[in-house]
Amino acid sequence: MEFHRFLFYASIILSISVYLFPIMANSMGINYGQIADNLPSPEDVVPIVKSIGATKVKLYDADPKVLKAFANTGVEFIVGLGNEYLDKMRDPAKAQAWVKQNVQSHLPATKITCIFVGNEVLTFNDTSLSNSLLPAMQSVHTALVNLGLDKQVTVTTAHSLSILETSYPPSSGAFREDLVDCLSETLSFHQKTGSPFLINAYPFFAYKGNPKQVQLDFVLFQPNQGVIDPATNLHYDNMLYAQIDAVYNALASLGYKKLPVHISETGWPSKGDEDEVGATPDNAKKYNGNLIKLMSKKTGTPMRPNSDLNIYVFALFNENMKPGPTSERNYGLFKPDGTPAYSLGISSTSNVAGSNTTTGGTNGKPLSPIPTPPSTPTSSSTGYLSISPATGRYEFVGTVLLASLILTKMLLW
């Protein structure tokens, strides 16, 4: 199939999506990774992003070709500064040169709203990286101030959920003791500059690590009994919301109750190795489809029902050059030729879990707790709150579901 044919149909779907999904588009984000040698050009990616209703894109660098391609589209961008730049960015002069070249030069045509400095740095257990993180963030922010851009562009960093020491129940969420001092300084920076706290959350890995104990419906937002937090009596019928609230509580315990939390990565692979239980097209469809349905409702978590959920689904494309297990190369909503990676659909409202502040359980008693991760994670591939390995992941929504189904049918004609 010629890619231009896809673009023709995508343009039709785009016009439809404006009317069908105006609310959903306000909160949808997508991760645009490029560890592949077969992806379409950035110009050809623009209508794909538009067709799925995404208004926010997260890059893992500041690729000028991508940023130029999205000029005057209204799509918001988070751009990244990789871990390999942290030491250099401690130098204010180098930080300012980077901001001028990679951010200022694209404004205002391309709407860059945030720079994330480093990815999952604190869980590498690399002292040199950890010690460079905050100084690098401060230098980049100072550069924005000097250039008069600090009111429109914030500075943050992305964390693995492995920074949590306790996670269940959500009300007991707490950061690892060995990271508290470092995190406290970073959180103070967030509060002073008004930047969000970014977390990468993957319920898939909790299920993969213990499929006999973790209920599949609970991680896929499917109807289930859920669990009750005995301290708050709040009911959780999906794992992602429990994870988010554990982070909220950890922040509150350090005095940062009002700090906004954004989910910078979450997703489900459509294919995996033999030991990667649950990595199937059907589960990926359920996870992403049900998640997007919840996002469109504009409701928060049980602990923060009025807080807007800013979620970036991982990822736009399957990336054939990513290292690691097979799942790492199969998180995409799309194949590199622009066709859907799997048949995207959405459950009816009654089939999507996502209640917030209700209480209940079996005879009013809390249900079985979710497994708690080890206090000092040595790997981020198993456990309730863990995610995929940070090593090698340089980049890390959904879809206008009805439109995608229409597109799928068109492509078969």
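Donor-acceptor pairing under 3.5 Å is lacking for the side chains of T280 and D282. Judged by distance alone, the side chains of D63 and Y32 never bring a donor and an acceptor atom under 3.5 Å apart. T326 and D273 share a side-chain donor-acceptor pair at under 3.5 Å. Checked by atom type, the side-chain pair S264/N200 shows a donor-acceptor distance below 3.5 Å. No hydrogens or angles considered: nothing links the side chains of N83 and N119 as a donor-acceptor pair under 3.5 Å. N310 and K56 share a side-chain donor-acceptor pair at under 3.5 Å.
Between the T166 side chain and the S172 main chain, a donor and an acceptor come within less than 3.5 Å of each other.
The one candidate from Y331, Y342, W268 that meets the side chain to side chain donor-acceptor pair (under 3.5 Å) condition with N288 is Y342. Each of N283, D237, N290, D217 was scored for a side chain to side chain donor-acceptor pair (under 3.5 Å) with Q222, with one residue passing: N290.
Listed by chain and residue number, S195 satisfy the side-chain hydrogen bond (donor to acceptor under 3.5 Å, both in side chains) test with H190 (two or more places apart in sequence, or in another chain).
One finds the OH atom of Y168 at 12.5 Å from the CG atom of D245 (value rounded to the nearest 0.5 Å). Considering CZ of F124 and OG of S160, their distance stands at 9.5 Å, rounded to 0.5 Å. The CG atom of L133 sits 6.0 Å away from atom CG of L122, with the distance rounded to the nearest 0.5 Å. Taking CG of L254 as the start and CG of N249 as the end, the distance is 10.0 Å to the nearest 0.5 Å. Residue L144 holds its CG atom at 11.0 Å from OG of S139, rounded to the nearest 0.5 Å. Atoms OG1 and CD1, from T123 and I163 in turn, are 8.0 Å apart once rounded to the nearest 0.5 Å.
For an aromatic pair to be called close, the ring centres must be under 6.0 Å apart, and H159 with F197 satisfies this. A centroid separation of less than 6.0 Å is found between the aromatic rings of F189 and H141.
Both the sub-6.0 Å distance and the 45° axial angle are satisfied by K58 relative to the ring of F116.
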Under the side chain to side chain contact (heavy atoms under 4.5 Å, CB included) criterion, do V277 and Y207 qualify, and how do the steps go?
-> CA-CA 8 Å; V277 181; Y207 180 73; 3.7 Å; yes
Inset, instruction - Using the salt bridge (charged side-chain N to carboxylate O under 4.0 Å, His left out) rule, take D178 and R176 through it: C-alpha gap first, then chi angles, then the decisive distance, then the call. - result: CA-CA 5 Å; D178 61 313; R176 282 169 44 182; 2.7 Å; yes
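For Q101, the CD atom sits in a loose shell: 12 or fewer heavy atoms of surrounding residues, nucleotides or ligands are nearer than 6.0 Å. Y85 OH: 12 or fewer foreign heavy atoms inside a 6.0 Å radius.
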Side-chain donor-acceptor contacts of residues 65-74 below 3.5 Å, not counting sequence neighbours, with atom names and distances?
residue : atom : partner : partner atom : Å
T73     : OG1  : F70     : O            : 2.6
T73     : OG1  : V75     : N            : 3.3

